[in-house]
Amino acid sequence: MHITAEHVITFIEQVAATIKAQRDYLTQLDSAIGDADHGVNLDRGFTTVLTKLPGVADKDVGTILKTVGTTLVSTVGGASGPLYGTAFLRAGMAMGDRFELGTADVIAALEAALEGVQSRGKSARGEKTMIDSIGPGIDALKEANAAGEDFISALRKGVDACEAGMRATRPMLATKGRASYLGDRSVGHQDPGATSAFLMAQAMLGVVEQL
Amino acid sequence: MHITAEHVITFIEQVAATIKAQRDYLTQLDSAIGDADHGVNLDRGFTTVLTKLPGVADKDVGTILKTVGTTLVSTVGGASGPLYGTAFLRAGMAMGDRFELGTADVIAALEAALEGVQSRGKSARGEKTMIDSIGPGIDALKEANAAGEDFISALRKGVDACEAGMRATRPMLATKGRASYLGDRSVGHQDPGATSAFLMAQAMLGVVEQL
Amino acid sequence: MKKLINAPEHVVRDALAGMANAHPDLITVHYDPDIIVRADGPVQGKVGIISGGGSGHEPMHGGFVGKGMLDAACPGAIFTSPVPDQMLAATKAVDGGKGVLHIVKNYTGDVMNFEMAAELAAAEGIEIATVITNDDVAVKDSTWTAGRRGVGVTVLLEKIVGAAADTGADLAEVTRIAKKVNAQGRSMGAALTSCTIPHVGKPSFELPDDEIEIGVGIHGEPGRRRIKMVSAAEITALLTEPILEDLPFSSGDSVLAFVNGLGGTPLIELYVVYNELTKILRDRGIRVSRTLIGNYITSLDMAGCSITLLKLDDELTTLWDAPVHTPALRWGV
Amino acid sequence: MKKLINAPEHVVRDALAGMANAHPDLITVHYDPDIIVRADGPVQGKVGIISGGGSGHEPMHGGFVGKGMLDAACPGAIFTSPVPDQMLAATKAVDGGKGVLHIVKNYTGDVMNFEMAAELAAAEGIEIATVITNDDVAVKDSTWTAGRRGVGVTVLLEKIVGAAADTGADLAEVTRIAKKVNAQGRSMGAALTSCTIPHVGKPSFELPDDEIEIGVGIHGEPGRRRIKMVSAAEITALLTEPILEDLPFSSGDSVLAFVNGLGGTPLIELYVVYNELTKILRDRGIRVSRTLIGNYITSLDMAGCSITLLKLDDELTTLWDAPVHTPALRWGV
Ligand SMILES: Nc1ncnc2c1ncn2[C@@H]1O[C@H](COP(=O)(O)OP(=O)(O)O)[C@@H](O)[C@H]1O
Ligand SMILES: Nc1ncnc2c1ncn2[C@@H]1O[C@H](COP(=O)(O)OP(=O)(O)O)[C@@H](O)[C@H]1O
Ligand SMILES: [Mg+2]
Ligand SMILES: [Mg+2]
Ligand SMILES: [Mg+2]
Ligand SMILES: [Mg+2]
């Protein structure tokens with residue numbers, strides 16, 4: 001299985017399309033425990049990202065991902081802008097000038113992204129954030145991969161774990177991000193960032209399934 | 001038929017009670033074509049008047065009515081304060097130091113009141129104001145009296161004419177007072193001041209009927 | 001109805017006490033009759049300037065008492081003209097021996113109550129002049145009706161006339177300037193929602209979720225017509241065009257542009273409206289040389305705005321720029 | 001939703017254009033990235049002061065740009081932290097060679113975006129200091145959470161620190177004063193209604209007709225608890241007592257009392273609240289030596305208020321009193 005720079009571009013396009021389609025849903029989740037802008041924020045960012053993709057169509061994966069990252073940093077704002085921006089930037093830095101990625105590369109890129117989110121957000125698992133979806137997703141992907149499963153089925157397990165992680169944010173008490181201001185009242189609501197992270201993972205799986 | 005100063009006091013008390021009871025109704029009428037304060041304004045005024053009555057309990061009719069007038073001027077505000085205030089003041093001035101009133105006195109007092117309203121308000125009949133209730137009321141009272149009817153039945157005709165005048169304000173286009181700002185949209189609503197004037201006339205009849 | 005009040009019948013007094021506590025350096029509040037007077041008044045040898053009207057339009061008028069503006073204000077009950085006792089007390093409190101100007105918004109109640117007060121003050125030997133503001137172009141003017149309402153121009157007039165009095169001008173001169181401001185200013189407002197009067201407890205009029213009132217007054221009176229909700233650009237045009245045509249304002253004129261919030265509309269929206277206003281004025285060749293944007297003559301919690309344009313010349317500009325120090329307007333000091 | 005806007009996606013830009021047109025003597029607006037800078041900046045030899053945050057809190061921060069307060073403001077989308085490009089551009093625009101202070105309200109997004117901008121500015125050789133305001137006692141503070149929100153104190157801090165920079169103080173000294181203001185101030189707010197974010201089109205939370213939110217934030221975030229509507233006196237006590245206990249403020253203290261409207265509440269109600277506040281403070285022996293009452297840090301059209309108390313000493317009082325000339329705050333000039 002080889003993922004090319006072109007596939008990465010398709011993945012980004014799919015993410016942009018999903019975010020646009022789920023914009024109001026994400027914003028609605030954010031209105032329950034945040035400030036009702038998560039969908040709008042990401043949609044603003046990925047809409048701009050789409051305009052930048054033609055300029056990197058023939059570039060390496062690292063350049064593509066770093067362009068996505070800097071564009072998100074410069075257009076999203078809020079908490080999710082620096083976090084997803086840093087995630088894509090770090091993934092891009094990890095990929096360097098590769099034009100094709102193998103399974104190990106994808107895992108390395110995702111680990112770099114997660115590390116970026118954690119260090120930028122000074123956050124860890126269990127705080128009711130996007131990390132609670134990304135973290136378990138990467139774990140499951142790695143575990144399946146280590147058990148010798150092929151990439152698609154390993155990625156499916158990863159995405160399932162992402163989804164489970166997203167749902168697991170519902171009973172959590174938020175201690176990071178805007179939802180933390182609610183204290184106990186944050187309990188019972190699904191985290192918007194964990195949801196957008198799951199949507200991105202789903203988009204990745206969609207692209208890989210078309211390979 | 002003789003109306004004593006004591007009866008006048010009872011009349012004022014009845015007016016105060018009626019206005020309190022109809023406060024919200026008057027205010028509601030005023031919210032359609034005015035600023036939703038007519039009932040509250042008059043209630044504030046007559047509530048204060050009640051506190052002044054003991055001080056004039058043994059005084060002549062002129063003093064009583066003038067006290068009512070100055071109290072209304074000093075407590076009601078809005079358009080109805082100076083208008084009703086002037087009405088009672090002028091009626092009081094017309095009655096001088098009488099302790100008992102005959103039919104002619106009552107008519108003279110009412111005419112003085114009406115004249116006071118008209119000169120203070122620079123208004124005439126047909127402008128959708130309290131004058132459209134007071135004016136026809138006095139006319140009918142005078143006519144019946146001239147035709148030799150006794151005071152009670154003449155007063156009943158007067159009050160009926162007041163009521164008819166009040167209803168006749170509904171189709172009118174307001175040209176004076178706050179309702180005039182509405183232009184055509186003032187049509188179809190009953191004037192609050194014409195309504196409070198009718199309520200006062202009714203209170204007068206109630207007292208006379210007890211004589 | 002949810003309001004930050006203790007009881008409908010206490011709201012005016014409580015707010016007066018709050019003002020007195022907040023601005024002891026600028027104003028003093030007297031009760032029975034209720035008036036707000038300049039802390040350092042009366043100023044001897046200066047024409048006294050008073051105004052008043054129903055409460056619910058804050059900061060007008062009490063917030064404009066101080067140096068360079070009003071010497072006293074008479075707050076009535078919510079949306080109800082004050083009583084003559086208040087204007088008489090205020091007149092006496094500010095009389096510095098050069099006479100007193102009464103600034104009256106053109107509402108039947110205000111006019112009559114001020115008139116009675118002026119008669120009483122004159123009887124006590126105080127020279128009184130009265131100027132009536134009637135700048136609201138939403139109301140058709142005519143001699144056989146109550147005429148136009150006084151709205152936004154009142155704020156500008158109080159500032160300018162206060163400055164005129166500070167120059168030492170006599171009552172006739174101050175009155176001339178007051179009349180000039182009223183003559184050169186026009187206003188119109190639109191409401192997105194009704195207001196809720198505390199003692200009524202429900203909105204003064206019902207406005208569906210997609211409709212607005214054009215030509216609304218400042219007392220929760222319904223406007224002249226109701227239209228479907230439109231953009232800020234269209235609302236601004238609906239308010240500005242009647243204003244421009246009425247004076248008329250014409251190319252080359254210099255104006256003070258005043259975008260006023262009615263109490264429930266946030267500042268960000270007022271700036272959006274102001275931006276649309278500048279486009280319209282630019283197209284007509286009218287120059288904005290001074291601006292005022294904010295909540296100055298309000299209608300309790302009503303959402304919406306009013307626009308006032310005042311044609312400026314050197315005299316009015318200089319007076320507008322003169323120092324003012326009141327709870328709600330302050331510059332140059 | 002009825003708002004004086006043209007389209008949800010244009011409201012911030014339209015309002016910025018309105019501000020630029022309204023106050024050309026005070027501010028200049030640059031676009032892409034969007035920043036509001038002092039018209040006469042950068043001031044050489046003065047520490048530059050910038051702040052920023054989501055829009056929808058007007059006049060904060062753009063209305064505080066001018067002499068004696070902010071040198072630049074970075075307006076984000078409604079309720080969304082601005083992006084680092086804005087803070088970097090603002091930092092460069094105000095750098096007068098003595099370094100730049102970033103005033104950041106404690107929200108994860110604001111902190112991270114300012115942090116990235118500070119890294120970039122430092123890389124360009126500009127000395128940066130950051131102060132984070134976190135005065136909202138409605139939020140439990142702890143090292144393992146995002147901590148308290150920055151609210152009302154931010155306004156007071158921007159004024160005081162702007163004055164400190166005007167004295168010629170260096171970056172370390174200005175930062176010391178900024179931290180002192182944050183350390184000595186506490187706030188809490190209550191909402192009577194939700195706000196409606198333009199692009200959402202419906203209220204951010206549902207509040208029944210007889211309930212209010214205590215401890216609400218300025219972004220339409222629900223508060224810590226919901227209670228039945230009570231009187232202004234009771235609401236004021238519910239906000240003031242946690243503030244007093246937290247610092248704590250004690251008898252003999254001198255404070256700046258700031259009653260802030262959230263955007264949809266009229267001034268008359270803020271004075272009612274202020275009056276209740278003075279009673280509570282008087283009972284505790286706390287002296288109000290300065291006041292600020294009005295809409296300064298808002299939440300779009302939310303009805304409600306916040307209370308901020310700042311313990312004053314001579315240093316802070318002098319800096320508070322120093323001249324300021326911005327679109328929204330002005331005195332001494
Ligand atoms: N410190 C953090 N670490 C990781 N993720 C975070 C952190 N703070 C917030 N988030 C994520 O960001 C999401 C909110 O993003 P968004 O609504 O765009 O920003 P804001 O909260 O500034 O309005 C949350 O749902 C959460 O998943
Ligand atoms: N010029 C006038 N002449 C006679 N009556 C008038 C005049 N103006 C107003 N009114 C009466 O006053 C009533 C309104 O009184 P009120 O609501 O107390 O005062 P305001 O209009 O100042 O709020 C009207 O319904 C009308 O009957
Ligand atoms: Mg959010
Ligand atoms: Mg009325
Ligand atoms: Mg009235
Ligand atoms: Mg946000």
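Only heavy atoms go into these numbers, but all of them, side chains included; no hydrogens, no water, no symmetry mates. Residue numbering restarts at 1 for every chain, and letters A, B, ... go by the order of the sequence lines. Computed from a prediction, not measured in an experiment: that's the story for all the values here.
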Closer than 3.5 angstrom, by distance alone: can the side chain of [X] be matched with the main-chain N or O of [Y] as a donor-acceptor pair?
{"X": "C:Thr154", "Y": "C:Gly152", "value": "no"}
{"X": "D:Lys3", "Y": "D:Thr196", "value": "yes"}
{"X": "C:Lys2", "Y": "D:Glu211", "value": "yes"}

* Which of the residues C:Ala22, C:Gly332, C:Ser231, C:Pro198 is involved in the greatest number of heavy-atom pairs with chain D at under 4.5 angstrom? -> C:Ala22

* Structure fact -> Scored by heavy-atom pairs under 4.5 Å with chain D, the best of C:Leu262, C:Thr291, C:Asn21 is C:Asn21

[X], part contacting chain C, at a heavy-atom distance under 4.5 Å:
{"X": "D:Leu207", "answer": "both"}
{"X": "D:Leu329", "answer": "neither"}
{"X": "D:Ile268", "answer": "both"}
{"X": "D:Ala303", "answer": "neither"}
{"X": "D:Cys195", "answer": "neither"}
{"X": "D:Met229", "answer": "side chain"}
{"X": "D:Thr265", "answer": "both"}
{"X": "D:His57", "answer": "neither"}
{"X": "D:Val11", "answer": "both"}
{"X": "D:Leu192", "answer": "both"}
{"X": "D:Pro75", "answer": "neither"}

* To do: Can you spot which of D:Ile307, D:Ile297, D:Leu309, D:Leu310 makes a side chain to side chain contact (heavy atoms under 4.5 Å, CB included) with D:Phe258?
  => D:Ile297

* Asked: Using a distance-only test with no angle check, is there a side-chain donor-acceptor pair under 3.5 angstrom linking C:Ser306 and C:Ser187?
  -> no

* Polar contact flag, side-chain donor to acceptor under 3.5 angstrom, D:Glu158-D:Ser51 -> yes

* Under 4.5 Å from any heavy atom of chain D - which part of C:Ile78 -> side chain

* **Verdict with reasoning, C:Glu276 to D:Asn6, per side-chain hydrogen bond (donor to acceptor under 3.5 Å, both in side chains)** => CA-CA 10 Å; C:Glu276 297 303 329; D:Asn6 292 311; 2.7 Å; yes

* Structure fact -> Tightest non-hydrogen contact, residues C:Ser299 and C:Ile218, listed as OG-O, 2.6 Å

